[in-house]
Amino acid sequence: MKGMKERLAKKIKLITIVSSLKQGLAHHKSKIDRTIHHIRDEIVAESGQRKGCVTPTLPELEYVDVSEQEHDVEEEEREILSEFEENCPPGGEDSVVFYATGLRGVRKTFEACRRVRFLLENHMVRYKERDVSVDSEYRDEMWRLLGRKVTSPRLFIRGRYIGGADEVVALNENGKLKKLLQGISRVHSPCECCLNERFLICSSCNGSSRLIAEDEETSNGTMWTRCRECNEKGLVRCPLCT
Ligand SMILES: [Zn+2]
Ligand SMILES: [Zn+2]
């Protein structure tokens with residue numbers, strides 16, 4: 001009986017210890033909680049003060065509609081282009097075609113061509129140069145487009161006839177040439193195929209413009225036939241820049 005009492009007493013003691021431990025823990029916990037609350041309040045108060053000192057404001061952004069700007073540029077381009085007569089050289093729908101002469105024979109024409117070429121180079125645009133002194137088909141093409149036997153230079157942009165040297169120089173001075181050339185791809189180096197020579201020596205006839213006729217009887221000497229790959233000077237047009 002005594003032993004039982006002792007065990008009971010021990011149990012009660014243990015319960016008391018455990019419960020006091022629990023109380024202690026609870027006390028600590030509430031202390032920690034209070035500390036956390038305090039710190040949090042301090043942070044809030046501080047940030048409030050900071051807000052009070054420096055009012056954060058967003059920089060005033062100007063609203064720019066890029067697509068609208070692009071639209072305006074296109075519109076302007078179309079307007080300027082429409083001032084010029086529609087007259088499209090072969091392959092000139094979306095490019096710059098320049099009929100010129102590289103021949104120094106007629107000095108005035110040669111110099112006029114050089115002036116236009118200089119302006120095109122200055123604007124660094126990709127253009128097709130068709131030398132009418134090297135290829136008579138180009139000369140005929142130019143005459144056909146303008147309806148009479150005109151001299152070079154003649155400039156066409158996006159299927160419109162722009163004019164000769166005087167017109168192009170004037171357009172450059174009033175800033176319209178730049179606008180007309182907007183959207184034309186830029187170049188920073190000479191043509192990679194012909195180095196701006198515009199023509200290449202025909203590889204079929206090696207520039208002689210004639211070939212030995214294979215189907216002809218050769219009893220009375222060599223028979224020649226005209227090379228079909230090149231022009232009368234044995235040259236072929238550069239496929240990239242003419
Ligand atoms: Zn070329
Ligand atoms: Zn040839």
Side-chain angles (χ1 to χ4, degrees), residues 87-106 109-146 150-165 168 172 177-178 180-218 220-242:
N87 192 350
C88 188
E93 296 80 6
D94 213 31
S95 57
V96 178
V97 180
F98 172 45
Y99 291 92
T101 176
L103 213 64
R104 285 170 185 267
V106 186
T109 309
F110 180 78
E111 287 302 325
C113 290
R114 207 158 68 163
R115 283 218 307 277
V116 175
R117 193 180 299 109
F118 173 78
L119 292 177
L120 292 175
E121 301 279 338
N122 229 9
H123 287 282
M124 292 203 290
V125 287
R126 189 180 290 279
Y127 64 94
K128 297 173 177 177
E129 182 167 336
R130 300 182 175 169
D131 196 323
V132 298
S133 65
V134 176
D135 196 321
S136 60
E137 274 184 38
Y138 280 152
R139 187 203 56 201
D140 294 345
E141 195 176 282
M142 177 177 78
W143 287 353
R144 202 167 46 243
L145 282 162
L146 295 170
V150 290
T151 53
S152 58
R154 300 287 156 178
L155 187 70
F156 294 79
I157 299 175
R158 292 191 160 153
R160 307 258 173 177
Y161 173 56
I162 307 302
V168 176
N172 185 60
L177 184 65
K178 190 184 174 192
L180 283 165
L181 295 170
Q182 259 164 5
I184 299 287
S185 61
R186 310 273 136 176
V187 279
H188 304 282
S189 54
C191 172
E192 58 263 42
C193 185
C194 69
L195 296 172
N196 283 9
E197 289 296 326
R198 315 292 174 183
F199 289 93
L200 303 159
I201 291 171
C202 175
S203 58
S204 299
C205 64
N206 289 323
S208 68
S209 79
R210 55 181 199 166
L211 294 168
I212 295 170
E214 285 171 9
D215 51 347
E216 299 285 338
E217 282 294 318
T218 51
N220 43 351
T222 312
M223 293 292 285
W224 295 96
T225 179
R226 171 81 170 81
C227 174
R228 289 173 195 275
E229 304 290 318
C230 56
N231 68 11
E232 66 274 16
K233 293 186 172 66
L235 301 168
V236 288
R237 298 165 180 182
C238 174
L240 294 186
C241 67
T242 61

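Numbers here simply count residues along the sequence, with the first being 1. Both ligands and their constituent atoms are indexed starting at 1 by order of listing.
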| Opening angle between SG in C227 and SG in C205, taken at the Zn ion (ligand 2), to 10 degrees | 110°
| query | Hey, are S133 and D131 close enough side-chain-wise for a donor-acceptor pair under 3.5 Å? | reply | yes
| query | Could you give the distance from NE2 (H188) to CZ (R126), rounded to the nearest 0.5 Å? | reply | 9.5 Å
| task | Answer yes or no as to whether an N/O/S atom of C238 is found below 2.8 Å from the Zn ion (ligand 1). | result | yes
| message | Looking at R186 and H123, would you say the former's side chain and the latter's main chain have a donor-acceptor pair under 3.5 Å? | response | yes
| Once rounded to 10 degrees, what value does the angle at the Zn ion (ligand 1) take between SG (C194) and SG (C241)? | 100°
| Are R237 and Y138 in a cation-pi contact, defined as NZ or CZ under 6.0 Å from the six-membered ring centre and within 45° of the axis? | yes
